Amino acid sequence: MITTEQLKETEVLKNFLSHAPLYPHGFVKFQPGGCVMPPCYEKYHHRIQNEFKARDDDVWVASFPKSGTTWTQEMVWNIMNNVDLETAKSESLDIRVPFMEISGIIEPGLTKVISENAKQEKDQSDMSGVMPLDDSLDSVLNLPTEKPRVMKTHLPVELMPQEALTNSKIIYVARNPRDVVLSWYNHWRILEGYSGDFDGFFDAFLEDVGGYYSPYFSHNIGYWNIRERDNVIFIFYEDMKKDLKSVIKKVADFVGKELTDSQIEILYDHLQFDNMKNNKAVNKQEEIEGLAKLTGIKSIGDGKFMNKGKSGGWRSKLTEDQISRMQAWEQDRQKNTDLKFQYD
Ligand code: PPS
């Protein structure tokens, strides 16, 4: 049974929310687990619990945001679909691998603005890249039954449909928190119109209230603790950077697909950062532009969704003080786990 709890109104939280125009009602904590979400999520949570039914062959890509989800989605969809690059390049990833709960984290007022503006949009092509926002759960429920569904979620284990955690294949991708916080800040600037500076955002991240799906560590540790189940695999962004072919093989093996050497070569090339950055089926450029048009929220800064695509960027971006605060935070949050990250 899920309950919600108010967050402590600290200066750090107030500062964060004062720069987050899409969340006028702030955030609450969902218990058990303590996941930070907008209050409107509660209703969607119940819908997911009641309406979602796992299918025998379901496959999930799960993660804390900014951990390499899109990269993993594209890898997994291609593994599941015989490296069908023709479809992969022509159909948006958001349609092929829908994000189950996205509608639930959009405030109802904004959903209304989005759908009214969408109705007024005469040129339907402007909408082509936008993910199904008005009812993302439906887009998952309506995926054809002829082939396995591949779905995206950022839900922590406590909020996932429990039968999915036991019956479905789950590929969890994790990335070190120092690069995640930088990528997350860029995300909030370009997608949420976040107008605050990085320092305040960083403080909120360390206080475990830096945006929905926080806290970072309990999210990662929740999946880490179930990684030995036969239906779960835990992979790292940094390993994908270092040796993508091995990760492709490992994941293919996990989902029971055999790829030829030539398919692995083709997929490896397709998944390179520059190729994904220039591929409009996955780079989210149309989504960001479409969303800005529909919500009236403007991106701040000139960041891109496919922004840097590197490991270790934190070394030149975080101050010495931020690095030592982050290390202390990591040590504290990792006291009772053997989960370790790679930082370069
Ligand atoms: S989201 O919004 O949570 O789904 O974002 P997510 O996809 O998890 O993370 C986005 C970051 O992943 C980087 N990315 C890649 N890195 C390397 N190679 C490839 N092919 C690739 N594709 C996506 C993307 O650039 C974001 O990281 P940053 O550091 O912001 O560049």
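Here the structure is a predicted model, which is why all the values come from computation and not from measurement. Start at 1 and go down the list; that is how both ligands and their atoms are numbered. Below, each value reflects all heavy atoms present in this structure, side chains not excepted, and no hydrogens, waters or symmetry copies. Sequential numbering from 1 along the given sequence is applied to the chain's residues.
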Using a distance-only test with no angle check, is there a side-chain donor-acceptor pair under 3.5 angstrom linking [X] and [Y]?
{"X": "His46", "Y": "Tyr41", "result": "no"}
{"X": "Asp197", "Y": "Tyr185", "result": "no"}
{"X": "Trp77", "Y": "Asp84", "result": "no"}
{"X": "Asn78", "Y": "Gln263", "result": "no"}
{"X": "Gln342", "Y": "Ser311", "result": "no"}

Practice task
Under the ring-ring contact (aromatic ring centres under 6.0 Å, His included) rule, what do Phe205 and Trp329 come out as? Steps first, then yes or no, please.
Solution key: CA-CA 10 Å; Phe205 190 71; Trp329 174 75; 5.5 Å; yes
Handout entry: First-shell residues of ligand 1 [heavy atom, distance under 4.0 Å]
Key =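 If the criterion is a heavy atom under 4.0 Å, then ligand 1 touches Pro65, Lys66, Ser67, Gly68, Thr69, Thr70, Trp71, Lys152, His154, Arg175, Ser183, His187, Tyr237, Leu271, Gln272, Phe273, Met276, Phe305, Met306, Asn307, Lys308, Gly309.
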